[in-house]
Amino acid sequence: MKNNTIMIAGSLLLTSILTFSFYGIGQSLASGNEGYWELDDDDDDYRHSSTIQNPLYAEECGSCHMAYPAQLLPGASWRRVMQGLDQHFGENAEVDATTGQAIEKYLLQTSDSSSYRKLFRNLGDRVPLRITDLPYFIHEHDEIPSRFIQANDKVGSISQCNACHQNAERGQFDEDNVFIPGFGRWDD
Ligand code: HEC
Ligand code: HEC
């Protein structure tokens, strides 16, 4: 009798440990992106610790341009982007309501938890729709001549991050990995 009680108590304990840890795994899968931005010592090198992207996001938002890492815009901007998908920079990028909610949730969670804060410098209260409208972004790119961008048919637009930043999909934008197609490595 005494042994039985101990066994039942033991298996209950085991069950709850298992349930709890499966719940934990479920949670991390649900959040889809366990990564975070790391700033190394000189504060100039940004790495995303994870290449895992949310598959739904990658599929719905990665066909016309790369699926921009959520860390590149503040949450308020993502909300605006998601609200205007029927008129999305001259395209219709609408998704159904359930898909839209899931993507927005992913973007907001990821942006809030691990934003690339340096990019949001001098932004104030503005809520830009574009990464390329962030003051820090403009400051970093304003010396690139247009023959490297618009007049370069391998790039076409400054919004095509991955044309020049070889590790953009992994959230890496450090200056050492910039290669301008048709021109070569960026050296300044
Ligand atoms: C049908 C094509 C298409 C789809 C699908 C699409 N986009 Fe876009 N997106 C565009 C175009 C076109 C631009 C403007 C690019 C340019 O100016 O070169 C753009 C630009 C953007 C920008 C601003 C980039 C910058 O310049 O900083 C963001 C952010 C963005 N899209 C997010 C999304 C999200 C989120 C989704 C999925 C819900 C999505 N896009 C799906 C066509 C699309
Ligand atoms: C035409 C090529 C090109 C495109 C397209 C481009 N970039 Fe850049 N980017 C550069 C160059 C060149 C630099 C380095 C500028 C310098 O030397 O100061 C840079 C610098 C940066 C930096 C600063 C890195 C650091 O070490 O401080 C960030 C962040 C960045 N880009 C993000 C982006 C994002 C996000 C996009 C897309 C929305 C993008 N870039 C599109 C060429 C490009």
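Keep in mind it's a predicted model, so treat the numbers as computed, not measured. Each ligand, and each atom within it, is numbered from 1 in the order the structure gives.
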Can an N or O of [X] be found at a distance shorter than 3.5 Å from an N or O of ligand 1?
X	result
Y68	no
R130	yes
H65	yes

Are any non-hydrogen side-chain atoms of [X] and [Y] less than 4.5 angstrom apart?
X	Y	result
H88	V81	yes
L107	Y57	yes
R130	S159	yes
Q109	K105	yes
V178	R185	no
F183	N152	yes

K154 side, atom NZ; I149 side, atom CD1 - distance, nearest 0.5 Å: 15.0 Å
Nearest-0.5 Å distance that lies between atom CZ in F137 and atom OG1 in T132: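 Reported to 0.5 Å precision, the distance equals 5.5 Å.
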Parallel, tilted or perpendicular: rings of Y68 and H65 (30°, 60°): parallel
If you have a sec, work out which protein heavy atom is nearest [atom] and how many Å separate them, to one decimal?
atom	result
atom 37 (C) of ligand 1	C61 SG, 1.9 Å
atom 25 (C) of ligand 1	T132 OG1, 3.3 Å
atom 4 (C) of ligand 1	C64 SG, 3.3 Å
atom 13 (C) of ligand 1	F89 CB, 3.6 Å

Show me which atoms of ligand 2 lie under 4.0 Å from any heavy atom of [X].
X	result
I149	1 (C)
D174	26 (O)
V178	10 (C), 11 (C), 12 (C), 42 (C)
Y136	27 (O)
L72	35 (C)
Q160	5 (C)

Common cluster, V95/L129, ILVMFWY with side-chain heavy-atom separation under 4.5 Å: yes
Within one Ile-Leu-Val-Met-Phe-Trp-Tyr cluster: L73 and V127, side-chain cutoff 4.5 Å: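 Shared cluster, no.
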Would you kindly specify which portion of [X] sits under 4.0 Å from ligand 2, judged on non-hydrogen atoms: side chain, backbone, both or neither?
X	value
I144	side chain
W186	side chain
C161	both

Sub-4.0 Å heavy-atom contact, [X] with ligand 1:
X	result
L73	yes
F137	no
V95	no

E169 side chain to N162 side chain, donor-acceptor N/O pair below 3.5 angstrom: yes
Side chain T110, main chain A70, donor-acceptor under 3.5 Å: no
Side-chain (H165) to main-chain (C161) donor-acceptor, under 3.5 angstrom: no
Shortest heavy-atom approach to atom 43 (C) of ligand 1 - which of M66, H88, E91: H88
Residue portion contacting ligand 1 (non-hydrogen atoms closer than 4.0 Å) for L85: side chain
S157, portion touching ligand 1 at heavy-atom distance under 4.0 Å: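 The answer is the side chain of S157.
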Apex atom 8 (Fe) of ligand 2 - arms NE2 from H141 and NE2 from H165 - angle rounded to 10°: 180°
